[in-house]
Amino acid sequence: MTADADLNGTESGRALRGRLMALDHRLFEAVAARHFPGGDRLLPRLSRSANHGVLWFGTAALLAATGSPRARRAAVRGVASLALASATINTVGKRSVRRRRPVLDAVPAIRRLKRQPITTSFPSGHSASAAAFAAGVALESRPLGAAVAPLAASVILSRVYTGVHYPGDVVVGAALGVGAAFAVRGLVPTRDVLPLPGRTCADVPALPDGDGLVLVADRTAGGAGHVRALTEILPRAKVVECGPQDLGTELEKAAAHAAVLGVCGGDGTVNAAAAVALRHGLPLAVLPGGSLGNFARDLGVEDARTLARALVAGQAVRVDVGRFTSGDTRGYFLNSCGLGVHSELAGERNRWSKRIGDRPAGLLAAVRALRADRHQVQVEINGVRRPLWLLFAGNGMYRRTGPVPARRFDLADGRLDVRVVHGGGAPALRLLAAAVAGPLTRSPLHAAVRVDRLELGGLEPGTLLAYDGEVVALEGGVTLDKLPEALTVYRPLDSD
């Protein structure tokens with residue numbers, strides 16, 4: 001009876017497969033018999049333009065060229081989804097099911113591609129790439145996804161219309177492409193599935209036209225476009241542009257008569273504004289500027305439109321502020337501070353950024369700071385003296401959103417995210433291993449703890465401490481602690 005059941009099951013499976021194949025052929029012939037207005041000339045060209053992903057790479061470049069952070073993220077996510085889908089189709093899909101291409105007798109000659117594909121038919125790689133790119137873009141931005149979707153659908157249709165695929169090939173290919181986009185989101189989550197930074201909402205004034213906002217902008221930070229966009233939305237906002245040397249003075253002047261202190265610049269500029277806002281008890285409005293806008297990114301304020309929404313609605317959160325104290329030297333950090341290689345990286349980047357730009361300077365700094373002749377930092381922690389290559393203290397827990405720890409989801413968790421790389425030989429290898437391991441509690445090469453206060457003794461006077469991209473010389477030992485929910489910062493409380 002078991003053998004009969006197996007035989008019947010096999011025969012049923014073959015019959016179902018035969019019916020599906022027959023349906024696929026009939027649908028192919030129905031499409032071949034149809035004539036879409038303009039399709040005979042347009043769809044073959046569109047199909048060829050998608051060869052090797054050229055159409056999608058071009059679309060991604062156009063999205064990135066808009067200058068919108070969300071458009072750039074959508075472009076990157078679309079390309080990453082396309083790459084995963086293409087790799088899956090070409091290494092697994094087409095080798096698993098070796099289906100022959102359709103016979104072209106029913107397809108009008110004007111539609112046929114000049115160069116016919118030589119690979120197997122199932123599943124459709126072009127359809128997978130098109131669906132993956134469109135789905136990846138849509139997961140990051142629904143409006144941009146809606147704009148790209150008709151183009152992707154046309155490419156998918158063109159593969160049947162030109163006779164190189166059966167309908168079943170493109171349906172499965174498109175499904176695999178969408179799956180690839182969701183797989184990429186599983187590795188690197190989109191912002192809509194991440195928790196909102198900050199926990200405590202703050203009572204702040206709403207500024208429908210910007211009246212009461214004084215924005216101090218570092219003219220060297222490259223945020224002029226964001227500033228113009230903000231003043232177009234909030235015409236009564238006052239903008240003061242200055243160079244880095246006048247930043248402190250202009251921030252103090254602005255705080256004297258502002259209801260809301262605004263700042264546009266990189267992390268160092270935002271740090272300076274936060275210190276002034278704390279002294280004057282003012283809420284802070286952060287507009288991204290420059291390439292190192294980590295605090296604005298983690299806060300969820302990515303452009304002028306996002307910040308304007310928060311200002312108009314009067315929406316803000318309270319966030320923690322990190323603090324370091326060394327003798328008479330005191331300062332704050334919104335992102336992180338550190339010793340050893342961390343401070344050397346910041347110093348080297350600052351030295352080169354004005355000559356070659358922030359990102360190339362960061363790469364050059366990493367190479368120079370990892371040289372084997374660097375000296376280890378001797379530090380005393382809990383009464384035990386030990387050598388370290390690096391000590392990193394984050395203002396809040398840094399978590400992975402992909403292969404590397406990159407973001408904070410809670411800017412008011414009351415904790416310092418402390419990570420150390422122990423001293424010893426092969427510093428570059430130790431630092432790389434610690435970066436790959438991420439926030440593991442302990443290993444022979446590094447350790448990670450969560451504390452609200454950390455005292456470091458035994459430091460030589462003049463030891464460098466980096467904080468939010470700036471560098472300061474310490475007077476000796478240093479104490480790191482937190483000011484819980486000390487700073488009020490505007491950010492929209494609803495997702496866009």
Any non-hydrogen side-chain atom of [X] less than 4.5 Å from a side-chain atom of [Y]?
X: L55; Y: F133; answer: no
X: L247; Y: C242; answer: yes
X: W56; Y: L151; answer: yes
X: V160; Y: D169; answer: no
X: L487; Y: Y332; answer: no
X: L411; Y: V317; answer: no
X: T59; Y: L62; answer: no
X: T88; Y: L176; answer: no

Can a donor-acceptor pair be found, under 3.5 Å and without considering hydrogens, that links the side chain of [X] to the backbone of [Y]?
X: Q315; Y: L493; answer: yes
X: T231; Y: R228; answer: yes
X: D413; Y: M397; answer: yes
X: D468; Y: N335; answer: yes
X: Y490; Y: V260; answer: no

Step by step, would you call N51 with H126 a side chain to side chain contact (heavy atoms under 4.5 Å, CB included)? CA-CA 7 Å; N51 289 346; H126 280 65; 2.8 Å; yes
Please give me the minimum heavy-atom distance between [X] and [Y], naming the atom from each residue.
X: F333; Y: N271; answer: CA-ND2, 3.6 Å
X: A304; Y: H226; answer: CB-O, 3.4 Å
X: E485; Y: D320; answer: N-OD1, 2.7 Å
X: A308; Y: I233; answer: CB-CG2, 3.7 Å
X: A258; Y: L282; answer: O-CD2, 3.5 Å
X: A74; Y: V137; answer: O-CG2, 3.5 Å

If you measure from the Lys or Arg side-chain nitrogens to the Asp or Glu carboxylate oxygens, is any gap between D417 and R419 under 4.0 Å? yes
Straight-line distance of [X] [atom1] to [Y] [atom2], nearest 0.5 Å:
X: L299; Y: L334; atom1: CG; atom2: CG; result: 10.0 Å
X: R72; Y: T66; atom1: CZ; atom2: OG1; result: 7.5 Å
X: R73; Y: E140; atom1: CZ; atom2: CD; result: 4.5 Å
X: R159; Y: T162; atom1: CZ; atom2: OG1; result: 5.5 Å
X: R491; Y: C201; atom1: CZ; atom2: SG; result: 9.5 Å
X: E250; Y: L215; atom1: CD; atom2: CG; result: 12.0 Å

Under the side chain to side chain contact (heavy atoms under 4.5 Å, CB included) rule, what do V164 and R101 come out as? Steps first, then yes or no, please. CA-CA 6 Å; V164 294; R101 297 275 177 176; 4.0 Å; yes
Can you tell me if CZ on R112 sees more than 12 non-hydrogen neighbours from other groups inside 6.0 Å? yes
Starting from the C-alpha separation in whole Å, work towards a yes-or-no answer on side chain to side chain contact (heavy atoms under 4.5 Å, CB included) for R77 and V184. CA-CA 8 Å; R77 187 172 296 278; V184 169; 4.0 Å; yes
Given the rule in the side chain to side chain donor-acceptor pair (under 3.5 Å) test, do N294 and R408 qualify, once you have shown the distances and angles that lead to the verdict? CA-CA 10 Å; N294 295 319; R408 292 167 292 172; over 6 Å; no
Pick out which of S47, P102, S124 makes a side chain to side chain contact (heavy atoms under 4.5 Å, CB included) with H165. S124
Run the side chain to side chain contact (heavy atoms under 4.5 Å, CB included) test on L284 and V263 for me, step by step, so that the C-alpha distance in whole Å, both residues' side-chain angles and the decisive distance to 0.1 Å come before the verdict. CA-CA 8 Å; L284 186 66; V263 63; 4.2 Å; yes
Once you measure the plane-to-plane angle for F392 and Y398, does it fall in the parallel (<30°), tilted (30-60°) or perpendicular (>60°) bin? perpendicular
